Protein chains: 2
Amino acid sequence: MYICPMYSSELIKGTLKTIVLNLLKENGKMYGYEITQKVKELTDGKIQITEGALYPTLHSLEQNGELETEKEYIGKRVRKYYKLTKPGRVTATARINEFADFMNTMKFLLDLEPKMG
Amino acid sequence: MYICPMYSSELIKGTLKTIVLNLLKENGKMYGYEITQKVKELTDGKIQITEGALYPTLHSLEQNGELETEKEYIGKRVRKYYKLTKPGRVTATARINEFADFMNTMKFLLDLEPKMG
DNA sequence: TACTAATACATAATTTTCTTAGGTATTTAT
DNA sequence: ATAAATACCTAAGAAAATTATGTATTAGTA
């Protein structure tokens, strides 16, 4: 089995929202920096979410009513926790299901499994 | 199991080159229109490659030395067949392996399989 | 104690990639 | 005849990421 040190950025495109929504669904609430670290840790560094990509995404999900925030102060440093709203939970589930289906299709298309598996 | 009529364009981003390289690896040579039809057919319409995305990609792969072309005339209509060059075959294999690895990582990350599966 | 790394947020310019919308022309089916 | 399918192509714009910054606090270390 081939092991990558880190995926080409092209490959990761389009999966960021799915990853973020899924993590929030599993963990209740998380803050931005925590998300970057968690993804890095869970993927052994193969996926590293940059802050330049993450924060605009979080803001747009919030503006879209799928996330809500809550500030917490650790000393003088602020942490902005994000969690799913009710519609956000629906979106999260839909996206995860869509991605699972997509992976099956890609597996078949790329002939990575016995056909019809 | 959830079934999508067609995936959100966001999800497909970044997979086009992998799909094209894989099809050419499996089928020897194909022309542009044939690729769009084959993908549509193999994925039951869930992935539909637009020509506006495909042709520029084919041209850039060719310019990059990974594909070479051969014209064929069907009556007066031209067909431009693409096939992998030697370096193109290496790239194709690498991309497919990378994608397979990526899917495993995403499965784990999205908790779609028992962990460590 | 000074310095560096890590934590934690954020935005802006640029690049990449795709969508949308157009264009040309031939062949097949109605 | 006309529409749909086949077959190529490009260009303007949108979307999403990268790269490069910026600010500020806290923890670790030399």
Side-chain angles (χ1 to χ4, degrees), chain A residues 6-21 23 29-41 45-64 66-82 95 99 102, chain B residues 6-21 23 29-41 45-64 66-82 95 99 102:
Chain A
M6 191 164 140
Y7 304 118
S8 66
S9 71
E10 205 178 340
L11 209 59
I12 300 171
K13 275 180 207 298
T15 60
L16 181 55
K17 273 185 191 164
T18 306
I19 291 171
V20 167
L21 290 169
L23 281 179
K29 65 175 189 178
M30 296 179 85
Y31 54 99
Y33 185 76
E34 186 185 10
I35 293 173
T36 65
Q37 298 308 301
K38 194 74 180 173
V39 170
K40 191 171 161 187
E41 176 201 325
K46 289 179 190 175
I47 299 178
Q48 294 191 28
I49 294 180
T50 60
E51 297 180 315
L54 179 63
Y55 288 113
T57 295
L58 287 172
H59 299 161
S60 94
L61 284 169
E62 188 186 6
Q63 276 203 317
N64 209 33
E66 305 185 301
L67 300 183
E68 57 190 4
T69 59
E70 172 190 328
K71 279 183 187 170
E72 190 173 303
Y73 280 86
I74 309 296
K76 283 179 183 173
R77 192 154 56 189
V78 71
R79 260 185 204 169
K80 209 164 147 189
Y81 277 98
Y82 289 85
R95 273 201 179 259
F99 192 82
F102 174 66
Chain B
M6 191 164 140
Y7 304 118
S8 67
S9 71
E10 205 180 337
L11 210 58
I12 300 171
K13 274 183 208 298
T15 60
L16 182 54
K17 274 185 189 162
T18 305
I19 290 171
V20 167
L21 291 169
L23 282 179
K29 66 175 187 177
M30 296 179 86
Y31 54 98
Y33 186 75
E34 187 185 9
I35 292 173
T36 65
Q37 299 308 301
K38 194 75 181 171
V39 170
K40 191 172 161 185
E41 178 201 324
K46 288 178 190 176
I47 299 179
Q48 294 191 30
I49 294 180
T50 62
E51 297 180 316
L54 179 63
Y55 289 113
T57 295
L58 287 172
H59 299 160
S60 92
L61 285 169
E62 187 186 7
Q63 276 202 317
N64 209 34
E66 306 185 299
L67 300 183
E68 58 190 4
T69 60
E70 172 191 328
K71 278 182 186 171
E72 189 173 305
Y73 281 86
I74 309 296
K76 283 179 185 172
R77 192 156 55 192
V78 71
R79 259 186 206 168
K80 207 164 150 189
Y81 277 98
Y82 289 86
R95 271 198 179 264
F99 192 82
F102 174 66

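These values consider heavy atoms only, across backbone and side chains, with no hydrogens, waters or symmetry-generated copies. Labels below follow one simple rule: chain letters A, B, ... track the order of the sequence lines, proteins then strands, and each chain is numbered from 1. These figures come from a predicted structure and were not determined experimentally.
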Quiz item: Rounded to whole angstrom units, what separation is found between the OH atom of Tyr7(B) and the P atom of dT19(C)?
Solution: 15 Å
Quiz item: Start at the 5' end of DNA chain C and walk down; is the nucleotide closest to Val78(A) or to Pro56(A) reached first?
Solution: Val78(A)
Quiz prompt | Least distance between heavy atoms, Tyr31(A) atom then Tyr81(A) atom | solution = CD2-CE2, 3.5 Å
Quiz item: Rounded to the nearest Å, what distance is computed from the CD atom of residue Glu51(B) to the C1' atom of nucleotide dT19(C)?
Solution: 13 Å
Quiz prompt | Value in whole Å for how far the P atom of dT6(D) lies from OH of Tyr81(B) | solution = 14 Å
Quiz item: Any N or O donor-acceptor pair linking the side chain of Arg77(B) to the base of dT27(C) at under 3.5 Å?
Solution: no
Quiz item: Which of parallel (below 30°), tilted (30 to 60°) and perpendicular (above 60°) describes His59(B) and Tyr82(B)?
Solution: tilted
Quiz item: What's the CG-P distance between Leu11(A) and dT17(C), to the nearest Å?
Solution: 12 Å
Self-check item: dA17(D) OP1/OP2 closer than 4.0 Å to side-chain N/O of Thr57(A)
Solution: yes
Quiz prompt | Check: Leu21(B) and Leu61(B) side chains under 4.5 Å, non-hydrogen atoms | solution = yes
Quiz item: In whole angstrom, what separates Tyr31(A)'s OH from dA6(C)'s P?
Solution: 15 Å
Quiz prompt | Phosphate contact (dT19(C) OP1 or OP2) by Thr50(B) side-chain N/O below 4.0 Å | solution = yes
Quiz item: Is the closest side-chain heavy-atom distance between Leu23(A) and Ile19(A) below 4.5 Å?
Solution: yes
Quiz item: Across the strands shown, which category fits Gly52(B) at heavy-atom distances under 4.0 angstrom: base, sugar-phosphate, nothing?
Solution: base
Exercise. From the options dA8(C), dT7(C), dC9(D), select the nucleotide whose nearest atom is closest to the side chain of Lys80(B).
Key: dC9(D)
Self-check item: Between dC18(C) (P) and His59(B) (NE2): distance, integer Å
Solution: 15 Å
Practice problem: Give the nucleotide from the list dA17(D), dC9(D), dA10(C) with an atom nearest to the side chain of Tyr82(B). | Solution: dC9(D)
Practice problem: Give a yes or no on this: more than 12 heavy atoms of other residues, nucleotides or ligands lie within 6.0 Å of atom CD of Gln63(B). | Solution: no
Quiz item: Closest nucleotide of DNA chain D for Ala53(B) versus for Leu16(A): which of these residues is on the 5' side?
Solution: Ala53(B)
Quiz item: Between atom CD1 in Ile47(B) and atom P in dT19(C), what is the gap in whole Å?
Solution: 11 Å
Quiz item: Do the side-chain N or O atoms of Tyr55(B) get closer than 4.0 angstrom to the phosphate oxygens (OP1, OP2) of dT10(D)?
Solution: no
Exercise. Give the nucleotide from the list dT18(D), dC9(C), dC18(C) with an atom nearest to the side chain of Ser9(A).
Key: dT18(D)
Quiz item: Of all the nucleotides listed (dA5(D), dA16(D), dA6(C)), which has the minimum atom distance to the side chain of Tyr33(A)?
Solution: dA6(C)
Quiz prompt | Interatomic distance where CD belongs to Gln37(A) and P belongs to dA5(C) [whole Å] | solution = 16 Å
Practice problem: Please tell me which of the listed nucleotides, dC18(C), dT17(C), dT25(D), lies nearest to the side chain of Lys76(A)? | Solution: dT25(D)
